Amino acid sequence: MPEYSLPKTYDFESTEQRIYAWWSDNGYFKPTNDPNQPGFDPTRKPYVISIPPPNVTGELHLGHAMFVSMEDLMIRYHRMKGVPTLWVPGTDHAGIATQLQIEKALAREGKTREQIRREEFLARTWAWKEKYGGIITQQIRRLGASCDWQRERFTLDDGLSVAVREAFVRLYEKGLIYRGPRLINWSPGLRTAVSDLEVEYSEEPGTLYYFKYMLAGSPGDFIPVATTRPETILGDTAVAVHPEDKRYQAYIGQNVIVPILGREISVIADEYVDREFGGGALKVTPGHDPNDYAIAQRHNLQMISILDEAARVNSNGGPYEGQDRFEARENLWADMRTAGLTIKEEPYTLNVPRSQRGGEIIEPMISTQWFVNIQPLADAALEAVRDGRIKIVPERFTKVYYNWLENIEDWCISRQLWWGHRIPVWYCADCGEMTVSRDDPTACSHCGGGNLEQDPDVLDTWFSSGLWPFSTLGWPEDTPDFQYFYPTTMMETGYDILFFWVARMIMSGLEFTGQIPFDTVYLHGLIRDEQGKKMSKSYGNVIDPLTVMEEMGTDALRFTLLVGSTPGNDMNLSLKKVEANRNFANKLWNVGRFVTNSISQAPASPQAEPDWTLADSWIWARLQNLVNDVERLFQNYQYGEAGRQIYDFFWGDFADWYIEIAKLQLSEGSDRAYYTASTITKVLDISLRLLHPFTPFVTEELWGHIKRACQDHDLNIYPDGDWPPALIVAPWPEPRSPEGWEDEKAADFSLVQDIVRAIRNLRAEKGVKPGRRIPAIFVSEQKSAVLSSQSRALAALAQLDLDQLTITGRLNTKPEGHIGLVIGPVEVYLPLSGLVDQREERARLEKDLAEIKAQVERLETLLGGAFAEKAPPAVVRKEQDKLATYLVTAEKLQLQLDALESS
RNA sequence: GGGCGGUUAGCUCAGCUGGUUAGAGCGUUGCGUUGACAUCGCAAAGGUCGUUGGUUCGAGUCCAAUACCGCCCACCA
């Protein structure tokens with residue numbers, strides 16, 4: 001019974017929470033260089049990430065799993081490199097989203113927020129937050145997030161609220177915030193303004209209505225006008241035609257009559273009008289259409305609002321007052337038809353603006369709101385990326401970023417909600433002036449009166465999240481954290497919030513701190529279902545990360561997300577992939593079992609280290625190669641590719657080949673066994689270190705077992721037995737340049753692999769029973785030394801009879817009753833007498849020969865052409881070597897064929 | 001209307017500065033109780049890298065055009 005008997009299967013359930021608590025208890029998530037602790041060194045540059053704060057009452061979804069995995073990978077990698085790292089966690093109050101949840105809960109009690117009043121509503125929301133606010137952060141912990149939880153923040157914290165007020169007041173004092181009536185996007189269901197970004201457009205079938213605008217001056221005469229929204233006729237203040245449109249030129253300046261209402265409005269000329277569309281004339285509704293609003297400003301037109309907060313027709317709508325906007329549409333149209341004012345209706349595809357949150361149709365309305373004059377901030381934000389102070393990965397998103405900022409409109413920041421940062425503006429009942437203040441004022445700053453009332457509105461959630469990278473570090477106070485950890489290093493998030501969040505953080509960071517908030521933006525893609533469809537509850541294709549973690553382990557999910565994604569590209573997730581990676585975790589585990597057993601069985605007190613075997617050299621070279629590649633890929637943010645390469649190395653090279661050969665070397669006893677145990681331990685150790693940022697739990701757990709086994713058996717793989725206390729803080733493997741011997745060893749080992757594969761292949765083809773050991777004759781002039789040294793390995797891997805192996809430089813006659821194989825410079829003969837079929841053999845040899853000859857021909861042409869002169873010498877030499885090998889192979893194949901003919 | 005991404009094996013995808021026989025996982029087929037692992041092993045089948053043209057000694061990789069799929073921005077009522 002081995003001393004270390006690990007279970008056969010990796011048990012993630014019993015591991016993950018224990019390991020997480022252990023890391024946390026040992027303080028590994030905290031920065032190793034902390035400005036609030038003794039021994040702080042301000043010259044060491046930290047690596048800092050601010051977490052994209054999830055909605056405080058949200059539930060974990062795959063988007064969270066994605067960014068947590070990615071950021072945790074970045075953090076763990078840098079931590080292992082010895083860089084002081086800080087990952088600041090926190091949550092967002094998510095104004096609209098949270099308020100909607102509370103309102104829904106209220107609705108179930110048959111209440112509205114207006115009924116219970118603001119104070120009571122906020123109390124309930126806070127209670128809700130207290131109750132559910134911990135769930136999401138708990139779930140993020142389950143993913144293995146190595147955040148410094150002592151620095152956790154919430155956007156409505158006192159400190160962050162101070163930051164929000166500071167930001168608002170500064171902008172106001174600089175004249176970059178203003179209040180006024182403007183056409184904004186109104187959400188009638190939520191009864192609040194929303195920003196342009198919060199409106200989504202969807203193509204939907206609708207109707208284009210044609211009707212008559214009767215001329216006031218000449219009865220019976222009319223201008224035909226088309227609209228998709230007849231109810232807005234009630235708010236028309238002009239009819240516009242193109243100035244050069246001959247049909248209507250005569251009417252310009254005349255009056256037309258608004259249907260049903262009978263108001264007179266004038267016909268104006270504006271180049272915006274498209275003569276081809278509809279009748280060529282445009283009704284102008286400045287109060288409910290952005291383009292019409294612009295026209296109205298050019299022509300100084302009156303602006304009429306016809307809808308109230310709930311999008312019901314108001315008193316400007318005459319007989320339709322009180323009707324819902326869609327109801328009014330039908331009724332007005334019916335009345336117009338009765339009045340003979342309609343022309344026709346035709347089907348038409350509309351682009352309907354809908355609320356990102358509620359999904360209802362957004363109504364453009366004129367409303368008094370607070371705005372940020374964004375242009376100066378946008379210019380600075382553009383400059384920071386243009387001059388390279390901030391780098392966006394993948395690079396193509398910089399163009400998207402530029403395009404948005406170059407065409408940006410002022411930002412409507414006030415929301416008619418209750419849950420959020422209340423606007424720090426007070427209105428004086430005595431003098432009517434505004435007091436804008438960082439602290440709650442007791443008196444009007446203008447008249448000194450005490451009759452102050454605070455603006456009832458709150459700020460857009462993104463206003464506070466825009467301050468996140470520095471508000472979480474203590475800004476506006478100049479705290480030690482802010483001084484040391486700001487600017488942060490990496491902003492990792494989904495490309496879908498590039499505008500909402502990233503751009504605004506850059507604008508705010510530059511404006512308020514005078515510095516960039518982070519130097520790199522890494523954007524990951526969205527996660528879709530197996531077919532590439534968006535996951536949504538209505539499709540029923542949502543994958544719940546918690547279920548996946550429960551069933552297959554956190555590491556399997558993390559590895560799938562990390563390795564399955566390419567920067568900026570969406571990924572399609574299927575459970576099959578997670579399953580494959582659960583199997584990988586299990587593979588790791590079982591290699592670990594093998595290694596711990598080997599350690600505990602290895603002989604003690606080593607003598608001098610024996611020469612490395614070919615396999616030893618090969619695996620070291622491969623591993624070193626891997627370390628270098630991973631480092632390069634990490635530097636280029638190619639995390640997925642790095643993970644894939646580690647996977648391939650671990651399974652395809654280490655487990656499939658080296659471990660199999662190691663079994664032989666271990667059975668040799670004494671020093672060879674000791675050093676082989678040491679080698680597999682070292683290779684595993686480095687593999688675990690490389691994998692740790694991807695799959696932290698299984699690697700940490702396994703590494704702990706390896707460490708204990710080594711310590712108990714005096715096997716030192718770290719100098720002086722100086723083991724790191726935990727894998728999470730173990731040093732990252734150092735890249736090294738090759739020493740020159742690697743290529744030859746790689747070529748020799750690859751020959752061994754090819755021989756083994758060829759023999760296995762033939763055995764399978766001929767139906768030789770697995771396990772049956774057969775004799776073999778190896779013939780090669782150039783490689784007999786390699787073959788001799790590898791006889792045991794060849795015998796074991798290809799199931800040959802070691803006692804009946806012949807290795808020779810040349811053979812005069814082909815052995816009777818053998819099947820011959822040619823692998824490069826090596827011939828192998830296997831005595832499969834009963835299974836030899838002359839015709840089959842000839843066919844096989846001819847096929848191989850034909851292939852080789854084709855290659856020879858190709859290479860001869862290649863090397864005879866301009867390639868030999870123009871290609872780099874190293875590339876040419878490689879091809880020449882190949883040709884030489886092919887020629888030898890061809891020759892040997894030909895000899896075998898000849899032998900077959902003559903027998 | 002403008003911009004971006006994708007198109008590689010039956011499916012889902014890698015393939016990063018061009019190097020000459022294009023990879024993985026899953027699936028399929030055949031064999032298998034080799035004391036790490038059946039969440040496994042061995043072997044096999046399977047691809048004119050969307051199309052056309054160009055640059056180059058050399059193109060899945062670079063350039064141009066084009067088709068289809070998807071996304072973002074703008075929003076002609």
Side-chain angles (χ1 to χ4, degrees), chain A residues 2 6 8-10 201 208 225-229 232 240 272-274 276-278 281-285 289-292 348 350-351 353 394 396-397 399-400 403-404 407 495-496 498-499 525-526 528 530-532 552 556 560 563-574 576-577 579-598 632-633 636-638 640-641 644-645 647-648 652 655-656 659-660 663 757 760-765 767-771 773 796 799 851 854-855 858-859 862 865-872 874-876 878-879 882:
Chain A
L6 304 183
K8 241 176 150 176
T9 309
Y10 168 53
Y201 291 84
L208 188 58
V225 174
T227 180
T228 56
R229 305 177 54 204
T232 61
Y272 171 79
V273 179
D274 178 356
E276 308 298 315
F277 191 91
L282 171 70
K283 61 188 268 320
V284 182
T285 319
D289 183 281
N291 294 307
D292 294 3
Y348 190 75
L350 323 164
N351 227 349
R396 69 182 131 93
F397 283 103
K399 213 167 153 184
V400 181
N403 188 266
W404 187 70
N407 298 290
Y495 66 74
D496 54 327
L498 178 62
F499 306 144
L526 275 32
R528 300 167 178 282
E530 218 167 340
Q531 274 93 39
M552 308 206 235
T560 306
V563 162
S565 66
T566 321
N569 286 358
D570 294 353
M571 83 171 282
N572 297 352
L573 180 72
S574 77
K576 291 269 184 201
K577 289 186 192 171
E579 206 176 305
N581 290 321
R582 173 206 57 186
N583 295 353
F584 178 56
N586 194 54
K587 188 75 182 180
L588 272 174
W589 185 256
N590 274 291
V591 168
R593 281 181 79 205
F594 177 77
V595 171
T596 48
N597 284 340
S598 304
R632 197 193 74 240
L633 291 165
N636 293 320
Y637 312 100
Q638 311 259 352
E641 185 60 19
R644 241 168 268 130
Q645 294 208 12
Y647 178 105
D648 287 345
D656 286 351
I659 295 270
E660 290 309 313
K663 286 176 184 170
R757 284 197 194 100
R760 282 173 175 170
N761 185 348
L762 189 72
R763 292 177 60 117
E765 210 175 282
V768 180
K769 223 177 149 225
R773 301 198 162 262
Q799 308 223 53
E851 265 172 38
Q855 292 300 328
R858 189 180 60 79
L859 283 175
L862 180 67
F867 172 77
E869 297 158 29
K870 301 214 175 177
V875 177
V876 176
K878 210 173 119 198
E879 296 309 310
K882 260 192 227 167

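All values derive from a computational prediction rather than experimental measurement.
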Problem set entry | Minimum side-chain heavy-atom gap A:Lys8-A:Arg593 below 4.5 Å |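 With C-beta onward as the side chain, the pair touches.
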
Exercise. Which residues pass the side-chain hydrogen bond (donor to acceptor under 3.5 Å, both in side chains) test with A:Lys663, sequence neighbours left out?
Worked result: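 Listed in chain order: A:Glu660.
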
Rounding to a whole Å, what distance do you find between [X]:[atom1] and [N]:[atom2]?
X: A:Asp570; N: B:C72; atom1: CG; atom2: C1'; answer: 11 Å
X: A:Leu859; N: B:G58; atom1: CG; atom2: P; answer: 16 Å
X: A:Leu862; N: B:U56; atom1: CG; atom2: P; answer: 17 Å

Problem set entry | Each stem that RNA chain B is part of, given as range with range (3 or more consecutive Watson-Crick or G-U pairs, under 3.5 Å) |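 Ordered by first number, the stems with RNA chain B (at least 3 consecutive pairs each) read B:1-7 with B:67-73, B:10-13 with B:23-26, B:28-32 with B:40-44, B:50-54 with B:62-66.
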
For this session: Hey, can you tell me if A:Phe397 and A:Tyr495 have their rings parallel, tilted or perpendicular (30° and 60° cut-offs)?
Result: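 A:Phe397 vs A:Tyr495 ring planes: parallel.
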
Exercise. Once the angle between the rings of A:Phe584 and A:Tyr647 is folded into 0 to 90°, is it parallel (under 30°), tilted (30 to 60°) or perpendicular (over 60°)?
Worked result: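 Geometry flag for A:Tyr647 against A:Phe584: tilted rings.
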
Of the listed nucleotides [options], the one nearest the side chain of [X]:
X: A:Gln799; options: B:C75, B:C26, B:U34; result: B:U34
X: A:Val273; options: B:A77, B:A36, B:C4; result: B:A77
X: A:Phe277; options: B:A77, B:A36, B:C16; result: B:A77
X: A:Asn636; options: B:C16, B:C37, B:A74; result: B:C16
X: A:Lys870; options: B:A36, B:C57, B:G25; result: B:C57
X: A:Val875; options: B:C76, B:A36, B:G19; result: B:G19
X: A:Tyr201; options: B:C75, B:A77, B:C16; result: B:C75
X: A:Glu641; options: B:G5, B:G15, B:A77; result: B:G15
X: A:Asn569; options: B:G5, B:A77, B:C16; result: B:G5
X: A:Lys663; options: B:G25, B:C75, B:A36; result: B:A36

Exercise. What about A:Asn586, does its side chain sit under 3.5 Å from the base of B:C37 through a donor-acceptor pair?
Worked result: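 No.
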
Exercise. Between the base of B:C37 and the side chain of A:Lys8, is there a donor-acceptor distance below 3.5 Å?
Worked result: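 By the distance-only test, no, there is no pair.
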
For this session: Could you tell me the separation between the CG atom of A:Leu633 and the CD atom of A:Glu641, rounded to the nearest 0.5 Å?
Result: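 These two atoms lie 6.0 Å from each other.
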
For this session: Between A:Arg632 and A:Lys878, just flag the one whose closest nucleotide in RNA chain B comes earlier from the 5' side.
Result: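 Its nearest nucleotide being more 5', the pick is A:Arg632.
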
Exercise. A:Gly640 or A:Arg582: which one's nearest nucleotide on RNA chain B is closer to the 5' end?
Worked result: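 It is A:Gly640 whose nearest nucleotide is closer to the 5' end.
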
Exercise. Reading nucleotides 42-50 of chain B 5' to 3', which nucleotides get B (base under 4.0 Å from a protein heavy atom), which S (sugar-phosphate only), which -?
Worked result: SSS------

Exercise. Ring pair (Phe, Tyr, Trp, His ring centres under 6.0 Å) with A:Tyr637: which residues, sequence neighbours excluded?
Worked result: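 Testing A:Tyr637 for ring pair (Phe, Tyr, Trp, His ring centres under 6.0 Å), a comparison that skips the adjacent residues, returns none.
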
For this session: With sequence neighbours excluded, tell me which residues meet ring pair (Phe, Tyr, Trp, His ring centres under 6.0 Å) with A:Phe594.
Result: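 Result, ring pair (Phe, Tyr, Trp, His ring centres under 6.0 Å) vs A:Phe594: none returned.
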
Exercise. By side chain to side chain contact (heavy atoms under 4.5 Å, CB included), which residues pair with A:Asn291, not counting sequence neighbours?
Worked result: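 For A:Asn291, the residues satisfying side chain to side chain contact (heavy atoms under 4.5 Å, CB included) (neighbours in sequence not counted) are A:Tyr272, A:Asp289.
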
Exercise. Minimum heavy-atom separation for A:Lys882 to A:Leu859, with atom names?
Worked result: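 Minimum heavy-atom contact is CB-CD1, 3.9 Å.
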
Exercise. What closest approach, in Å, do A:Val225 and A:Leu282 show between heavy atoms, and which atom pair accounts for it?
Worked result: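 Shortest heavy-atom separation between A:Val225 and A:Leu282 comes out as CG1-C, 4.4 Å.
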
Problem set entry | Whole-angstrom distance between B:A38 and B:C26, as gauged at atom P |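 It comes out at 16 Å once rounded to the nearest Å.
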
